[in-house]
2 protein chains.
Amino acid sequence: MPTVPYRLELLKSKDMESRIDEAADSPLLEGTRFVRACLRRPVDRTPVWFLRQAGRYMQEYRDVRKHHTLVEICKQPELAAEVTITAAEKLGVDAAIIFADLLLPLEPMGLPFEFQAGEGPVIQQPVRTAEQVMALRTDRAFELDYVARAIQKVASHFRNRLGIIGFCGAPYTLASYMIEGGGARNYIETKRMMYGAPLAWSSLLDKLVTVLTEYCRQQVQAGADVIQIFDSWAGSLALADYQQYAFEPTRRLIRAVQQMGVPVIYFGVETAGLLGAMAATGADVIGLDWRQPLDVSWRALGSGCAVQGNLDPVTLFAPLEVLEQRVQGILRAANGRAGHIFNLGHGIVPGTPVENVQAVVKIVHEFRRED
Amino acid sequence: MPTVPYRLELLKSKDMESRIDEAADSPLLEGTRFVRACLRRPVDRTPVWFLRQAGRYMQEYRDVRKHHTLVEICKQPELAAEVTITAAEKLGVDAAIIFADLLLPLEPMGLPFEFQAGEGPVIQQPVRTAEQVMALRTDRAFELDYVARAIQKVASHFRNRLGIIGFCGAPYTLASYMIEGGGARNYIETKRMMYGAPLAWSSLLDKLVTVLTEYCRQQVQAGADVIQIFDSWAGSLALADYQQYAFEPTRRLIRAVQQMGVPVIYFGVETAGLLGAMAATGADVIGLDWRQPLDVSWRALGSGCAVQGNLDPVTLFAPLEVLEQRVQGILRAANGRAGHIFNLGHGIVPGTPVENVQAVVKIVHEFRRED
């Protein structure tokens, strides 16, 4: 793996430089706190937000869902912005992540999908052959601009108060959805193509990188301060397979986004064995699941990354004293080291008591190291 | 955590001593090779077997399933033994694991369950309250003796040729099934009881340890050389939660089984963050999933354990040259160190080509270190 000094290029880029100056001038601005933490700069207190903070656990979201499907919300910038803003304000977090679905980029590539009740996403024509990979289009990412328009609205609402997070799926994870035709248990078809048809595989991931780069560019131009790349399924890979089949396209996407002048958060679950390789992508921040203690994972990443995490989302169902213990345990493991963003180790699950999520924000914001 | 020299006691125990002597006298016997590896003694070649080696991927098993349900096979010693023996012989592996279902012990505790088509197991009355925990019975483990009778048949068929593995679920994993009422995605009800009703939780796990100890005793008396404890869902726990809510009952069960004179294999998936704590249970062998390289996991376990693993089961769908590469990569990572049992990192999945499983046995048996 070539070592390229792109973090340096990034910090020297004009866009990023002006953001950092702004951060330095106004250390108490919320958005600034979040971006500063991504860049491992000192902050007045640990920033906090939640994966899937706008979701079914929240009454306001359920109310919107009564009248609109998930995809309708994504495609109507007014609605997507409303859902994004409401959740961030209700929780009092330090960042707002745009409400969107991971699979949106599949549609302009020629793979329509739908959500079936209780089934998750279903792609009618999964990609299984080299011919099907060849047929995928990479020239219509502009059709995704509804996400950028929603970001514009969120950014103009929050500018200089909260961090604005755009996002997309990682190449491996989106390829898996395309090949499996939806969620999967064992990723048999994905790995079958990966092992058995390496040229088709690498062409598929290249096409995804092309589309995702353009998609992220739209989001950054619209005002995203940070891009989070979700590699939800990377944890299904052995390290050797991650390195051989997923690393390089991911690294390329991350680097392209950084060259747009924003930091990248790279997130996956069940990745304890992949952390070194994930850090080698050059991502500014690695999102951690809850399985391994934060300090252990941070050591495995080396010194070049910030970290985001890592409370078990189901701990939000615990009595307040247990919840407080676990949150403080994570903050103690971070030990005040620059570059920690508090978050869950995975998305908030349906049924989570909203008041417990709000309690976590309070615990994080009020935490002072005892030493 | 108290450190007790029970491994020493174990090795001094008469039962174990005679098994080890037997092993030393006949180094080429297959069963001996497997047990020796569990005890980290030198072997002539790395022993190999497969998680779920008797299963739907195999025609002979599907033929039996045409006429019998899964539970029927488990409860008829003749059938369970046949299925166990056929798979081990067809593959040419070094150990036979008794065909049984993880949930069998729930029935004599007062929780009947059934398998619904495509749904996995369903427990009609999940355990959610302290009263329901109190009502669970611990005095009818003798009803499980059909498993021991099957082991007897397998042991008398294979004695001195293959290792005979008995097994049970770990207390945490079985408790999760009881509370969720079947498989689960997020273990919300399980963790809700664990965090919110710690007395009910610990009473539930104590009852499980009582029943499981008796169940294992039957299996060892019937001829099991080794007991494997499946903690399939331990990987859903953060380390602090594993230590607080799952470790102690597991350690107690493992120790009780070892005092019967047989080594214990302790297996879970997504456990990279738990390995140190899993080793601290005192298990002789830790079963590893495929996510983290074998040598990295072995280092995390410290020097007191043998390891079992850790090929991604889906690599069995790869072309032979990729499969060979991955198998040899694992053998090289083990580096001939005493105490490696080759296996998958999880069970064989339906659709796996049998000839690829057989190819792995051949690759493992023919492997010679190059250095």
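Values below: every heavy atom of this structure, side chains too, minus hydrogens, waters and symmetry copies. Reminder, nothing fancy here: chain letters follow the sequence lines and each chain counts from 1.
- For R56(B), the CZ atom is loosely surrounded, since the number of other residues' heavy atoms within 6.0 Å does not exceed 12.
- Interatomic distance, H346(A) NE2 to N186(B) CG, rounded to the nearest 0.5 Å: 8.5 Å.
- Contacts between Y242(B) and chain A at a heavy-atom distance below 4.5 Å are absent for every atom of the residue.
- Within the 4.5 Å cutoff, the side chain of Q292(A) has no heavy atoms near those of the L274(B) side chain.
- Comparing L237(A), D241(A), T190(A), T352(A) by heavy-atom pairs within less than 4.5 Å of chain B, the highest count is held by D241(A).
- A pairwise comparison of heavy atoms in P293(B) and L239(A) identifies CG-CD2, 3.4 Å as the closest pair.
- Nearest heavy atom pair, residue V314(B) against residue I188(A), reads CG1-CA, 3.7 Å.
- The nearest pair of heavy atoms linking S236(A) to W290(B) is O-NE1, 3.0 Å.
- In this structure, the portion of R326(A) lying under 4.5 Å from any heavy atom of chain B is its side chain and not its backbone.
- Listed options G345(B), S297(B), A238(B) were ranked by heavy-atom pairs under 4.5 angstrom with chain A; first place goes to A238(B).
- Here T315(B) is the residue among V322(B), D289(B), T315(B) with the most heavy-atom pairs under 4.5 Å with chain A.
- Ranked by heavy-atom pairs shorter than 4.5 Å toward chain A, the options R291(B), R192(B), R185(B), M194(B) are led by R291(B).
- Within the model, atoms CD of E270(B) and OG1 of T271(A) stand 10.5 Å from one another, a figure rounded to the nearest 0.5 Å.
- Proximity to chain B (any heavy atom under 4.5 Å) is restricted, for Q244(A), to the side chain, taken from C-beta onward.
- Contact count against chain A (heavy-atom pairs under 4.5 Å) is highest for A318(B) among A272(B), A318(B), G196(B).
- There is no contact between P198(A) and chain B, counting heavy-atom distances below 4.5 Å.
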